[in-house]
Number of protein chains: 2
Amino acid sequence: MTDKKENILNAALELFAKEGFTATSTSKIAKKAGVSEGLIFRHFKNKDGLLEAILHEGEERIKILFANIIFETNAKKVIDLVFDMVLGIAASSDATDFWKLQYKIKWELEMYAESKMEPLELALTNAFKKLAFNNPEMEARSLLIIMDGLAMRYFLQKDFDINSAVNFLREKFKQ
Amino acid sequence: MTDKKENILNAALELFAKEGFTATSTSKIAKKAGVSEGLIFRHFKNKDGLLEAILHEGEERIKILFANIIFETNAKKVIDLVFDMVLGIAASSDATDFWKLQYKIKWELEMYAESKMEPLELALTNAFKKLAFNNPEMEARSLLIIMDGLAMRYFLQKDFDINSAVNFLREKFKQ
DNA sequence: TTAGAGTAAGTAAGTACTCACATAATAATT
DNA sequence: AATTATTATGTGAGTACTTACTTACTCTAA
């Protein structure tokens, strides 16, 4: 991958996350990346292709992030790691941009990729089963719903205290 | 309010909720509403003004919806009514469009109006206090976070079973 | 020498918005 | 009551500008 191609991907990620996909023009991306507008179309065919490339890179990233949780055998730790993941995203500004884009795209283009979350949901179900919860499937699903709620607040509500919210909810899943 | 003005508001609500604010052009709205494009600007000054008018109508609607919950004195019922509200939104297709817009706009324009939810959060805090929960503030906040998570899934995940999710989570807040 | 990386200057189709003008409803004045 | 003046509602054709995308071209490295 050439430098300029990477510049385009970085600039697009940042702008899409900040302004949204439709509101970000290819000329804005080119300017930010320091390249000619035509180069975007040389490398990615069209604007959709550029988004696809970013999302594809993202999938790899998500896989790696999830792998650490999925391969954990201690049930209690699995649940804890999911909460830690949220705090981890909030701690890294690079990860924040990336995850914000994931959510923004979900709302703007209405493409909820359930399959992406499936392995995590399965790992959680298994963990709750081990801990003898009497509805492990729903318990796992609920936890992921809560994650979405937390993410939403974190990204959109300026003064949101994610740490205290995460720690409180963590306790709710302990007994 | 004239018929044509109302047509514009309805068409815009539907299109904004479906396609997003930026992605919806004023010409599309005019066509759907069956009016000339110029009339939009006569009535609402500009595209932002049109959105503002829709959002303002929405605020009144939210106030009415919340009032029923806030004036409930039975603590257990307050919590139950919040869950009922979510199911109510899912049951009415008209309410669905309206609430979907609220969320879409949040993400697209990144304006999270915390103040809108404040009275509801207060009522919930009070309810949890009455029920002797030992962190009623966080309990209330968590419930609203969960509502956001539920809304997100309902609007974006096609096969999401909101009824079973709501009923399961309802139980979690009972003891 | 040939393919990929890169650019500047285009393109047609849209974008939000304006303006001159027509008509309908309301108010004021005879 | 009848006429006039004034506003509010509505339109169609236009505006300047932006949009995603193309094309013809140059440069560079293998």
Side-chain angles (χ1 to χ4, degrees), chain A residues 1-58 97 100-102 104-111, chain B residues 1-58 97 100-102 104-111:
Chain A
M1 169 130 49
T2 58
D3 279 4
K4 299 216 167 184
K5 189 175 179 185
E6 204 155 14
N7 283 353
I8 293 169
L9 284 167
N10 290 336
L13 170 60
E14 206 179 315
L15 287 169
F16 287 164
K18 208 166 279 172
E19 325 253 6
F21 177 71
T22 316
T24 301
S25 65
T26 49
S27 76
K28 240 189 279 178
I29 296 166
K31 202 170 278 177
K32 182 164 190 122
V35 302
S36 69
E37 202 179 343
L39 192 59
I40 293 171
F41 297 92
R42 166 119 303 152
H43 280 307
F44 304 101
K45 195 183 175 200
N46 53 32
K47 203 185 165 189
D48 284 333
L50 173 56
L51 176 64
E52 215 172 283
I54 292 174
L55 257 28
H56 187 262
E57 268 198 344
D97 253 12
K100 192 170 177 180
L101 173 69
Q102 296 291 122
K104 270 204 128 152
I105 288 300
K106 269 182 209 179
W107 277 100
E108 194 176 346
L109 307 181
E110 301 203 11
M111 27 149 84
Chain B
M1 170 130 48
T2 58
D3 279 5
K4 298 216 167 183
K5 189 173 178 187
E6 203 156 14
N7 283 353
I8 293 170
L9 284 167
N10 291 337
L13 170 61
E14 207 179 315
L15 286 169
F16 287 165
K18 209 167 277 174
E19 325 253 7
F21 177 72
T22 316
T24 302
S25 66
T26 49
S27 77
K28 243 189 275 178
I29 295 165
K31 201 170 277 177
K32 183 164 190 120
V35 301
S36 69
E37 202 179 343
L39 192 59
I40 293 172
F41 298 93
R42 168 117 303 156
H43 279 309
F44 305 101
K45 198 185 173 198
N46 53 33
K47 203 185 166 189
D48 285 332
L50 173 56
L51 177 64
E52 215 171 283
I54 292 174
L55 257 28
H56 186 262
E57 267 199 343
D97 253 12
K100 192 170 176 179
L101 173 70
Q102 296 290 121
K104 270 203 129 153
I105 288 300
K106 270 182 210 179
W107 278 100
E108 193 176 344
L109 308 180
E110 302 204 8
M111 26 149 85

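Any value given below was found using the heavy atoms of this structure, including those in side chains, with hydrogens, waters and symmetry copies removed. In what follows, chains are A, B, ... by sequence order, proteins preceding strands, each numbered from 1.
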What N/O pairs connect the protein and nucleotides 21-28 of chain D at under 3.5 Å? Give each pair on its own line.
from	atom 1	to	atom 2	distance (Å)
D/dC21	OP2	A/Lys47	N	2.8

* Which atom of B/Lys18 lies closest to which atom of A/Glu110, heavy atoms considered -> O-OE2, 3.6 Å
* Asked: What's the shortest heavy-atom distance between B/Asp97 and B/Leu13, and which atoms?
  ->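 Minimum heavy-atom separation between B/Asp97 and B/Leu13: O-CD1, 4.3 Å.
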Could you check how far [atom1] of [X] sits from [atom2] of [N], rounded to whole Å?
{"X": "A/Ile40", "N": "C/dA5", "atom1": "CD1", "atom2": "C1'", "result": "14 Å"}
{"X": "B/Leu51", "N": "C/dC17", "atom1": "CG", "atom2": "P", "result": "12 Å"}
{"X": "B/Lys31", "N": "D/dT11", "atom1": "NZ", "atom2": "P", "result": "15 Å"}
{"X": "B/Lys4", "N": "D/dT11", "atom1": "NZ", "atom2": "C1'", "result": "9 Å"}
{"X": "B/Leu15", "N": "C/dA16", "atom1": "CG", "atom2": "P", "result": "12 Å"}
{"X": "B/Ile8", "N": "D/dA8", "atom1": "CD1", "atom2": "C1'", "result": "14 Å"}

* Counting any heavy atom closer than 4.0 Å, what does B/Thr22 reach on the DNA or RNA strands: base, sugar-phosphate only, or nothing? ->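 No contact.
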Does [X] reach the side chain of [Y], with side-chain heavy atoms less than 4.5 Å apart?
{"X": "A/Met1", "Y": "A/Leu9", "answer": "yes"}
{"X": "B/Phe21", "Y": "B/Lys47", "answer": "yes"}
{"X": "B/Leu55", "Y": "B/Gln102", "answer": "yes"}

* Which residue, B/Asp3 or A/Ser25, contacts DNA chain D at a nucleotide closer to its 5' end, judged by nearest heavy atom? ->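 Nearest nucleotide further toward 5': that of B/Asp3.
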* Asked: Do the side-chain N or O atoms of A/His43 get closer than 4.0 angstrom to the phosphate oxygens (OP1, OP2) of C/dG4?
  -> no
* Determine: side-chain N/O of A/Ser27 to OP1/OP2 of D/dA20, distance under 4.0 Å, yes or no. =>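 Checking A/Ser27 against D/dA20: no side-chain N or O falls below 4.0 Å of OP1 or OP2.
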* Asked: Which of the following nucleotides, D/dG10, C/dA5, C/dA8, is nearest to the side chain of B/Leu39?
  ->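 In terms of side-chain proximity for B/Leu39, the closest of D/dG10, C/dA5, C/dA8 is D/dG10.
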* Under the salt bridge (Lys or Arg N to Asp or Glu O under 4.0 Å) rule, what do B/Glu52 and B/Lys45 come out as? Steps first, then yes or no, please. => CA-CA 11 Å; B/Glu52 215 171 283; B/Lys45 198 185 173 198; over 6 Å; no
* To do: Establish, from distance only, whether the side-chain atoms of A/Glu37 and A/Thr26 form a donor-acceptor pair under 3.5 Å.
  => yes
